[in-house]
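One structure is given here, and the rest of the page talks about it.
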Amino acid sequence: MNFFERVYEVVEKIPYGQVATYGQIGWMVSGAPHAARTVGWALNGLPEDRINEVPWWRVINAQGRISNSRARHGAAEQRRRLEEEGIIFDDTDRTDLSVYQWNGNTKEA
DNA sequence: CTTCTGACTGGGA
DNA sequence: GTCCCAGCCAGAA
């Protein structure tokens with residue numbers, strides 16, 4: 001299993017209405033505290049056919065903001081999807097991680 | 001093998 | 001609060 005696939009699997013486990021940070025994903029898949037960049041890079045290589053099955057839009061940075069400005073789909077679409085899930089954005093386009101951040105557990109919150 | 005880059009992060013200005 | 005700089009991991013050239 002490649003690092004990419006592991007990232008995708010973890011992202012797929014993010015529950016509806018919740019988000020996870022790149023650093024969090026990185027720690028879960030590789031155990032490295034600073035693998036966040038690699039996670040973003042992995043999602044950057046996310047195949048188009050997996051766009052609909054991997055909730056990449058639930059992955060944001062540690063600041064609670066969207067960093068995918070350079071991504072293909074853009075931050076606008078990501079924000080729109082998150083808002084549809086009930087996630088509220090601040091005036092500075094930030095979310096409250098203390099409320100929406102995924103605890104890493106798929107079974108119980 | 002070495003070098004570069006990236007949807008990040010944290011600290012300092 | 002925002003902006004800029006240096007460091008981290010994993011893959012591609």
Side-chain angles (χ1 to χ4, degrees):
Chain A
M1 183 74 75
N2 290 332
F3 183 86
F4 285 36
E5 293 298 327
R6 278 183 284 182
V7 172
Y8 301 156
E9 287 195 6
V10 173
V11 174
E12 286 182 59
K13 291 175 183 173
I14 302 176
Y16 179 94
Q18 288 189 301
V19 297
T21 66
Y22 295 95
Q24 180 181 0
I25 303 291
W27 177 262
M28 292 173 71
V29 296
S30 69
H34 294 284
R37 301 202 66 153
T38 315
V39 174
W41 176 61
L43 288 177
N44 182 25
L46 181 68
E48 288 295 329
D49 61 314
R50 291 181 190 269
I51 289 292
N52 296 315
E53 53 183 284
V54 178
W56 55 269
W57 54 87
R58 294 180 189 153
V59 183
I60 59 180
N61 61 19
Q63 308 302 313
R65 304 170 89 180
I66 299 175
S67 303
N68 53 354
S69 305
R70 308 172 190 172
R72 310 180 180 126
H73 291 265
E77 181 175 343
Q78 179 169 11
R79 172 172 176 167
R80 184 180 62 76
R81 292 192 185 235
L82 290 176
E83 288 180 325
E84 288 186 18
E85 298 189 357
I87 296 178
I88 306 301
F89 279 81
D90 199 310
D91 291 339
T92 54
D93 297 317
R94 290 190 304 185
T95 64
D96 192 343
L97 289 177
S98 63
V99 177
Y100 302 114
Q101 185 170 31
W102 180 39
N103 58 5
N105 189 339
T106 56
K107 302 188 175 189
E108 184 279 335

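Letters A, B, ... mirror the listed sequences (proteins, then strands); counts begin at 1.
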Practice prompt. List for me each residue that meets salt bridge (Lys or Arg N to Asp or Glu O under 4.0 Å) alongside A/Arg72, sequence neighbours excluded, and say none if there are none.
Written response: A/Glu48

Discussion item. Output the rounded distance in Å from CH2 (A/Trp27) to P (C/dC8).
Written reply: 16 Å

Worksheet item: Just checking, A/Arg79 and A/Phe89: is the charged tip under 6.0 Å from the six-membered ring centre and within 45° of the axis?
Response: yes

Could you write out each protein N or O paired with an N or O of nucleotides 2-6 of chain B at a distance under 3.5 Å?
{"unit_1": "B/dG6", "atom_1": "N7", "unit_2": "A/Arg37", "atom_2": "NH2", "d": "3.3"}

Worksheet item: Is a side-chain N or O of A/Gln24 found less than 3.5 angstrom from the main chain of A/Trp102, in a donor-acceptor match?
Response: yes

Worksheet item: So which nucleotide does C/dC3 pair with, by the Watson-Crick or G-U wobble rule with both distances under 3.5 Å?
Response: B/dG12

Practice prompt. Take the protein atom CD of A/Gln24 and the nucleotide atom C1' of B/dA7, then report the distance between them rounded to whole Å.
Written response: 16 Å

Worksheet item: Once you round it to whole Å, what is the distance between P of B/dG10 and CZ of A/Arg65?
Response: 14 Å

Discussion item. Restricting to side chain to side chain donor-acceptor pair (under 3.5 Å), what partner residues turn up for A/Arg6, sequence neighbours left out?
Written reply: none

Discussion item. Can you identify which nucleotide, out of C/dT2, B/dA7, B/dG10, has its nearest atom closest to the A/Asn68 side chain?
Written reply: B/dA7

Practice prompt. For C/dC9, take OP1 and OP2 only and decide whether either is under 4.0 Å from a side-chain N or O of A/Ser30.
Written response: no

Worksheet item: When you look at A/Ile66 and A/Trp57, which way does the side chain to side chain contact (heavy atoms under 4.5 Å, CB included) test go after all the steps?
Response: CA-CA 9 Å; A/Ile66 299 175; A/Trp57 54 87; over 6 Å; no

Worksheet item: Choosing from B/dA7, C/dG11, C/dC9, which nucleotide comes nearest the side chain of A/Ala32?
Response: C/dC9

Worksheet item: Given C/dG1, is OP1 or OP2 found less than 4.0 Å from the side-chain N or O atoms of A/Arg94?
Response: yes

Discussion item. What verdict does the side chain to side chain contact (heavy atoms under 4.5 Å, CB included) test give for A/Val11 and A/Val39, after you've listed the backbone C-alpha separation in whole Å, the side-chain angles of each residue and the deciding distance to 0.1 Å?
Written reply: CA-CA 10 Å; A/Val11 174; A/Val39 174; 5.8 Å; no

Worksheet item: A/Glu5 has an atom CD; how far is it from atom P of C/dG11, in whole Å?
Response: 12 Å

Item to complete: Could you check whether the rings of A/Trp41 and A/Phe4 sit parallel, tilted or perpendicular, using 30° and 60° as the cut-offs?
Response: perpendicular

Practice prompt. Starting at atom NE2 of A/His34, determine the distance to atom C1' of C/dC5, rounded to an integer number of angstrom.
Written response: 15 Å

Worksheet item: A/Leu46 has an atom CG; how far is it from atom C1' of B/dA7, in whole Å?
Response: 11 Å

Worksheet item: A/Leu43 CG to C/dA10 C1': how many Å, rounded?
Response: 13 Å

Worksheet entry | Atom pair distance, as rounded to whole Å: OH in A/Tyr22 and P in C/dG7 | 23 Å

